[in-house]
Amino acid sequence: MEKGSLISHASSLFWEGHGVPWAPHLLQRPGEKTPQPSPPPENRHSPGRCGCSPSQARRRAKDAPPAQGGRGTAPAPAFSGPAARAEQITELCGAKRVGYFGPTQFYVALKLIAAAQSGLPVRIESIQCELPLPRFMMSKTDGEIRFGNPAELHGTKMQIPYLITEKNTFKRMDDEDKQQETQSPTMSPLASPPSSPPHYQRVPLSHGYSKLRSSTEQMHPAPYDARQPLVQPEGASTGGPGAKPPRHQTSLIRSFSVEREPQDNNSNYPDEPWRITEEQREYYVNQFRSLQPDPSSFISGSVAKNFFTKSKLSIPELSYIWELSDADCDGALTLPEFCAAFHLIVARKNGYPLPEGLPPTLQPEYLQAAFPKPKWECALFDSYSESMPANQQPRDLNRMEKLSIKDMADFPVPIQDVTGDDKQALKNTVDEVLPKDMSEDPATPKDSNSLKARPRSRSYSSTSIEEAMKRGEDPPTPPPRPQKTHSRASSLDLNKVFQPSVPATKSGLLPPPPALPPRPCPSQPEQASEAELHPQLNRAPSQAAESSPTKKDLPYSQPPSKPIRRKFRPENQATENQEPSTTVGGPASVAAAKPHPTVQKQSSKQKKAIQTAIRKNKEANAVLARLNSELQQQLKEVHQERIALENQLEQLRPVTVL
Amino acid sequence: MAVCVAVIAKENYPLYIRSVPTENELKFHYMVHTSLDVVDEKISAMGKALVDQRELYLGLLYPTEDYKVYGYVTNSRVKFVMVVDSSNTALRDNEIRSMFRKLHSSYTDVMCNPFYNPGDCIQSRAFDSMVTSMMIQVC
């Protein structure tokens with residue numbers, strides 16, 4: 001059909017115009033709902049990746065007019081021909097010319113549809129008017145959920161978030177399609193290709209677009225709650241409610257920033273993922289100091305390379321991150337550059353796509369201005385308490401609390417709604433990151449100290465920091481335990497348990513975190529810290545067990561069960577010995593705490609210990625449950641094998657008998 | 001202005017080559033390849049240990065009826081070759097020189113990246129964008 005051939009021809013031109021060798025097999029067939037054709041290497045310049053396929057958009061455009069006619073609630077006169085109108089809209093918004101529906105075209109098309117639905121003539125000028133939102137009757141299932149009755153029940157205000165989520169769906173669908181493509185993981189949906197200006201020369205439309213955008217902007221902060229239930233059915237998983245707004249923001253940022261509006265997106269949407277929080281900052285600075293004692297000098301390229309390679313990101317990605325963060329291109333990283341690089345790595349590991357350019361909050365000048373040199377020594381505590389009320393602390397706190405309650409060992413970075421598998425994979429890779437040859441940082445115990453001393457509400461976040469810090473610390477020599485008749489030097493024992501298994505495991509079992517260096521303070525904080533040690537330990541082996549294929553489960557199930565056993569054993573002994581210092585686990589601390597009025601700390605510390613013990617037990621339960629399910633699966637498989645073998649045997653037996 | 005830009009390693013294999021897409025891009029690749037002979041000729045004629053900026057810029061390597069090919073060599077014998085369209089009112093020598101200088105500095109930035117192994121293909125986005133700006137300038 002002529003429309004299809006036109007689109008296909010236009011799309012071929014599009015590919016050529018973007019520095020891509022013309023590949024006829026990549027042409028989209030009209031009417032096929034295909035994901036974006038996998039672009040050849042130069043695909044960074046293809047804005048089509050960020051748009052929807054012409055067939056999809058055309059179908060949507062077609063849905064609109066018939067919906068009007070079908071429902072008969074249109075305030076506007078009926079359309080003469082739905083297909084013709086859709087054709088007209090397509091042509092007007094420029095999709096025909098460029099052969100695809102990029103975001104500009106899409107938004108313009110929506111505006112035109114709205115105009116058409118409200119009876120205005122479909123022309124470019126009509127998008128200048130203030131229009132109600134277009135109403136669609138989607139034939140697809142997802143659309144129905146969203147655009148069914150609620151669209152009629154709620155007012156205009158609610159339609160906008162639906163519209164946003166719809167756009168998000170498209171964007172996300174495209175994004176997910178993109179993510180499924182094997183090549184170029186570094187490709188970012190934020191790709192604002194420099195070669196796209198010729199295609200995006202829609203000066204008159206930009207006004208209409210900005211109008212649409214401004215209206216959505218106004219609505220953006222308001223109906224968060226309305227958006228929350230909408231996110232659920234989209235299949236994006238997990239993340240507390242605190243994580244959802246950043247996710248929306250990032251997806252919105254993505255969808256809007258593709259347009260490369262002159263106004264800075266970042267000023268409208270605080271770029272949460274690119275803002276370094278105080279804790280992160282401290283952690284990065286710690287790492288910097290471990291690599292280079294003087295905070296004011298550089299880290300050389302090779303040192304930084306070794307360090308960042310441990311993050312297990314691919315070399316091209318690391319190369320790109322370096323490019324972004326080394327602003328002066330001198331082959332060395334200053335402290336702010338290092339922080340920016342580290343932050344980008346962390347964000348990347350958490351699934352955020354890498355930005356096209358260094359975000360303003362990661363610029364070296366900004367970083368240097370925002371975070372004065374950290375005061376080491378005891379002043380740390382003061383700086384924490386001062387800087388805490390600043391910034392978006394409550395938000396981060398919430399996020400971090402939730403994060404720490406869930407499986408930790410990640411950075412205290414908002415973990416976005418990655419799918420379950422991705423999250424698991426991410427966590428595994430994050431667990432594997434443990435630079436082994438970094439010297440222990442003497443500053444960290446003080447950090448941990450001050451962290452511990454803070455009010456209880458921060459105890460969860462302190463957990464996350466500690467564990468994050470432990471990631472970067474050196475495990476080989478566990479710090480010496482305080483001299484308190486510590487026959488149950490649990491960390492040492494577990495080191496021995498893990499070290500033989502570390503070379504064995506491919507996935508790089510997390511070597512036990514170095515535990516906390518000797519502290520002269522009372523036993524309770526130690527108990528709490530050791531309690532945290534164990535969740536991590538147990539989690540690590542469990543994750544290692546999960547990540548390995550089922551066949552390898554048997555050899556791996558040994559290490560996971562060992563630490564558990566060891567943990568329980570010391571607990572029993574602790575209850576027997578009734579020594580407050582024989583703290584290996586939370587239960588031990590609980591058991592020890594109760595019969596001991598000699599524990600000189602206040603009940604608040606005991607409660608904290610109990611809380612951590614409970615948490616640890618829950619985590620242990622989860623670990624065991626996972627193990628159980630895996631073993632069940634194995635059992636089933638073995639059963640099936642057995643059945644198959646028995647069948648074979650039966651078949652063979654008559655032959656042999658005869 | 002450039003129709004095709006190529007970065008060629010010391011061993012005469014391409015580290016980076018990019019051209020304005022037309023129907024026969026292979027032609028540009030061929031032209032770059034053949035121009036390497038001319039580059040080598042000029043380098044050997046120059047002799048060794050000449051570090052002058054002037055010597056880095058080799059000038060017009062050879063003109064064809066449609067295109068002109070310019071060359072530039074760095075101290076480490078990495079060659080930049082640029083093909084420009086003759087139909088463009090002749091670009092002044094200075095402009096070509098400045099383009100090569102930009103290329104050279106971007107290449108240096110790529111080198112500074114510790115994750116870049118010399119001899120690998122250049123996959124830096126900053127480099128790409130710089131080259132694109134050079135190529136798009138014309139259109």
Side-chain angles (χ1 to χ4, degrees), chain A residues 12-23 40-45 184 186-188 190-198 299-309 311 313-333 341 354-358, chain B residues 1-7 14-30 32 74 76 82-83 85 99 101-139:
Chain A
S12 74
L13 286 175
F14 150 67
W15 284 116
E16 287 181 15
H18 284 80
V20 160
W22 184 59
E42 305 274 2
N43 58 0
R44 185 176 66 84
H45 302 287
S184 61
T186 55
M187 283 318 152
S188 151
L190 281 169
S192 345
S195 58
S196 63
I299 294 186
S300 74
S302 48
V303 171
K305 175 181 177 179
N306 290 336
F307 177 67
F308 288 136
T309 314
S311 69
L313 285 179
S314 65
I315 296 289
E317 291 191 4
L318 287 171
S319 173
Y320 182 58
I321 288 178
W322 177 279
E323 231 178 78
L324 283 178
S325 56
D326 190 6
D328 48 6
C329 291
D330 57 356
L333 294 181
L354 290 174
E356 270 296 306
L358 196 62
Chain B
M1 291 146 198
V3 170
C4 170
V5 171
V7 177
L15 293 176
Y16 180 87
I17 179 160
R18 177 117 155 263
S19 33
V20 166
T22 57
E23 68 284 350
N24 193 6
E25 282 177 43
L26 210 54
K27 182 176 61 175
F28 294 133
H29 291 227
Y30 179 68
V32 167
T74 68
S76 53
M82 195 186 314
V83 181
D85 205 329
M99 283 159 77
R101 231 173 286 130
K102 269 201 296 182
L103 261 177
H104 195 172
S105 73
S106 298
Y107 177 71
T108 319
D109 290 341
V110 169
M111 279 288 140
C112 280
N113 189 331
F115 296 101
Y116 171 77
N117 299 317
D120 286 351
C121 291
I122 296 179
Q123 278 159 345
S124 144
R125 288 192 212 188
F127 193 81
D128 278 343
S129 62
M130 191 270 313
V131 168
T132 317
S133 70
M134 278 195 333
M135 304 213 298
I136 290 225
Q137 248 173 22
V138 193
C139 339

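We name chains A, B, ... by the order of the sequence lines, and we start the count at 1 in each one. Keep in mind the model is a prediction, meaning the values are calculated, not measured. Note that these values count all heavy atoms, side chains included, but never hydrogens, waters or copies made by symmetry.
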Novice: Applying side-chain contact (heavy atoms from CB on, under 4.5 Å) to A/I321 and B/F115, what does each step give before you reach the verdict?
Specialist: CA-CA 10 Å; A/I321 288 178; B/F115 296 101; over 6 Å; no
Novice: What distance do B/D109 atom CG and A/D326 atom CG have between them, rounded to the nearest 0.5 Å?
Specialist: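 It comes to 8.5 Å.
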Novice: Taking side chain to side chain donor-acceptor pair (under 3.5 Å) as the test, write out the residues that go with A/S319, two or more places apart.
Specialist: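 Applying side chain to side chain donor-acceptor pair (under 3.5 Å) to A/S319 gives B/N113.
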Novice: Tell me, for B/D120 versus chain A, whether the close heavy atoms (under 4.5 Å) come from the side chain, the backbone, both or neither.
Specialist: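 Neither part.
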Novice: Specify the closest pair of heavy atoms between B/R125 and A/E323, including all atoms of both residues, with the distance to one decimal.
Specialist: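 In terms of heavy atoms, the two residues are closest at N-OE1, 3.4 Å.
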Novice: If you look at every heavy atom in B/P114 and A/K305, which pair is closest and at what distance?
Specialist: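 Shortest heavy-atom separation between B/P114 and A/K305 comes out as O-CD, 3.2 Å.
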